[in-house]
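Report on the following structure.
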Amino acid sequence: MTKELLIYAVAIVFVWLVAMRLRSVKARQVLYLIASWIFYYSWGGWLIVVLIVSSLMNYGLGEWLKKKISAGRLWVGLLANLILLSTFKYLPLLGAAASDGSPLAAFKRILFPIGVSFWTFEALSYLLELYREEELEPTLVEFCLFMSFWPTVIQGPICRMSSLLPQFRQDWLVDEEDLSTGLRRVAIGTLMAALGLLMAGGLHAGAGVDALFGNTGARYTGIDVWFLIIGYGFQLYFSFCGWSHLMIGAARLFGIQLHENFDRPYLSTTPSMFWTRWHMSLSFWIRDFLFLPLATARREVWWRNLSLVISMFVFGLWHGGSVLYMMWGVYHGTLMVLHRQWQELRKRFGFEWTGFVPALISWAITFCAVCIGYIFFNAKNLKQAVGMLRAIASPHSYRHLTLDHSFCLMTFLLAAGYFAVIGAGTLLDRVAERTRETTTDASWLTHVFATLAKERWVWITPVVIVAALYLSVMFQPGHAETGPVMYALF
């Protein structure tokens, strides 16, 4: 990972220096488009043709829809995109399940364009925004740039044309706030990506999440399963959130603000809160374009609850066509329905559930429920998922630990470190805020802490980058099958 990151860092600096000297907005758009296509080609090879074809198709569909806004034309555009997505995402699964002599077996040779789920959903959001009569008039270059913008094309954040188009057209001058925020987030993203690789590979061969989850024949105890699903939860978070930080920070260096993707999700105290903090760009897409239209179609409470389950089922289906992904979606939909029932029960009986202890209990239940969901999300087959669920539910399976102790220690330290870093960041923010309120009475030491808190990017950036490089070089003896772009394969 270190070598690739250095190459991309040099390329970003080169594009940034060229873009900084360009005064023409159109010339800068062309530069960004060429850079985006080169970036995608370095990951996806000749499958960039699929991206370009999708871009041209959706631009044409958008122009056709604008001539006459109608549900029929919208459905043509939606179905065209869903057929394209299904061809590359679901037909190979059908081919893999077919026998060798079946005509369907040929489908398993279809290659998967990396990030196709993300830029297809961006195309869908463009058509849906047009149907809602948003005033969007992108040129062909601007639309192709929207579809293939290099910070978002691999694995999001899923952006919307109404947000990016004005930024593509703005005059850009180097801004100190953009630079400080961008560098800080790139540094944090680099460290998180390195931690994700560490979790995936482990401290030695066979002691990482990939190897332990991949051992489908193992009989894990209840304690094993808890360490494993918590470890996977943090591996997924560090990898995906780290990549999001990297891309959001890199885009910010060019004066472009992308949608946020994560907001301390493992501090959530309800399932609904979790989905406003995890993969936010996709969860808000599902909310705006699927759940709300479904939920408002009827007034009954049961329909609103069913709409939640349907929306989360589609969420699971978006990740892949396996039964386990569908079960994962239904599971989270059911969690949110149960949370709503709990809220209604509290209102009916006037039961107060506030304060530190109730919040702590709510957090623990939510965190454990989310981690249990990772069994469906990452289990290699249904048998393994059932075995892990049975181990969690069986009191007799908590008598001993069979996992590699280094993995358990690593999981504990990284989980504890996650909460400690969030606590330290909150403390720095409070110190800075208190110092601003009591400027005259504050001591010199308080002023030093306030300055460190306010300008934390100055010292965090080099420290974090050095730590990330150290982790990447020194602590990857275990083989990691997944990397920082693991989510692009969904």
Side-chain angles (χ1 to χ4, degrees), residues 8 11-40 51-52 54-55 58-59 62-63 66 115 118-130 132-186 189 243-263 279-282 284-285 288-289 457:
Y8 286 123
I12 290 171
V13 171
F14 174 77
V15 174
W16 187 84
L17 291 173
V18 174
M20 184 178 62
R21 296 181 175 275
L22 293 176
R23 293 293 173 260
S24 168
V25 172
K26 291 184 178 179
R28 197 179 301 122
Q29 290 174 354
V30 172
L31 172 67
Y32 291 163
L33 179 58
I34 294 173
S36 298
W37 280 347
I38 293 174
F39 176 79
Y40 187 85
L51 172 59
I52 294 174
S54 178
S55 301
N58 281 287
Y59 180 76
E63 294 300 302
K66 281 186 284 186
F118 293 89
W119 37 266
T120 298
F121 266 47
E122 289 190 335
L124 291 174
S125 71
Y126 170 67
L127 297 177
L128 288 163
E129 283 188 313
L130 288 179
R132 294 179 175 183
E133 299 187 0
E134 294 274 355
E135 295 184 5
L136 302 172
E137 295 290 341
T139 65
L140 179 59
V141 170
E142 288 170 339
F143 186 80
C144 289
L145 177 58
F146 164 71
M147 288 285 288
S148 58
F149 190 43
W150 60 269
T152 66
V153 69
I154 299 296
Q155 56 180 13
I158 299 173
C159 296
R160 303 182 188 182
M161 179 66 80
S162 56
S163 172
L164 283 186
L165 185 58
Q167 299 189 75
F168 288 156
R169 292 176 172 176
Q170 69 186 1
D171 292 325
W172 174 59
L173 294 174
V174 179
D175 181 80
E176 181 181 350
E177 183 178 354
D178 288 337
L179 283 178
S180 61
T181 303
L183 287 173
R184 177 173 59 85
R185 298 197 67 163
V186 166
W243 181 267
S244 296
H245 271 296
L246 271 170
M247 295 298 103
I248 291 172
R252 188 67 183 269
L253 295 175
F254 293 84
I256 295 176
Q257 297 189 38
L258 303 179
H259 296 303
E260 292 294 338
N261 235 6
F262 293 89
D263 181 19
H279 203 174
M280 296 155 62
S281 62
L282 178 58
F284 292 162
W285 194 103
D288 294 342
F289 296 122
W457 71 275

Side chain [X], main chain [Y], donor-acceptor under 3.5 Å:
{"X": "E260", "Y": "M280", "result": "no"}
{"X": "W37", "Y": "S148", "result": "no"}
{"X": "W16", "Y": "L253", "result": "yes"}
{"X": "E142", "Y": "L165", "result": "no"}
{"X": "S125", "Y": "E122", "result": "yes"}

- Between E129 and R132, does at least one N-O distance fall below 4.0 Å, as a salt bridge requires? no

Could you tell me the separation between the [atom1] atom of [X] and the [atom2] atom of [Y], rounded to the nearest 0.5 Å?
{"X": "H279", "Y": "I158", "atom1": "NE2", "atom2": "CD1", "result": "4.5 Å"}
{"X": "N58", "Y": "C144", "atom1": "CG", "atom2": "SG", "result": "10.0 Å"}
{"X": "E63", "Y": "E137", "atom1": "CD", "atom2": "CD", "result": "6.5 Å"}
{"X": "I248", "Y": "L258", "atom1": "CD1", "atom2": "CG", "result": "6.0 Å"}
{"X": "S281", "Y": "F121", "atom1": "OG", "atom2": "CZ", "result": "10.5 Å"}
{"X": "W150", "Y": "F254", "atom1": "CH2", "atom2": "CZ", "result": "5.0 Å"}

- Considering the options Y59, F143, W119, which one meets the ring-ring contact (aromatic ring centres under 6.0 Å, His included) requirement together with Y126? F143

- Minimum-distance pair of heavy atoms, taken over all atoms of A250 and I12: CB-CD1, 4.3 Å

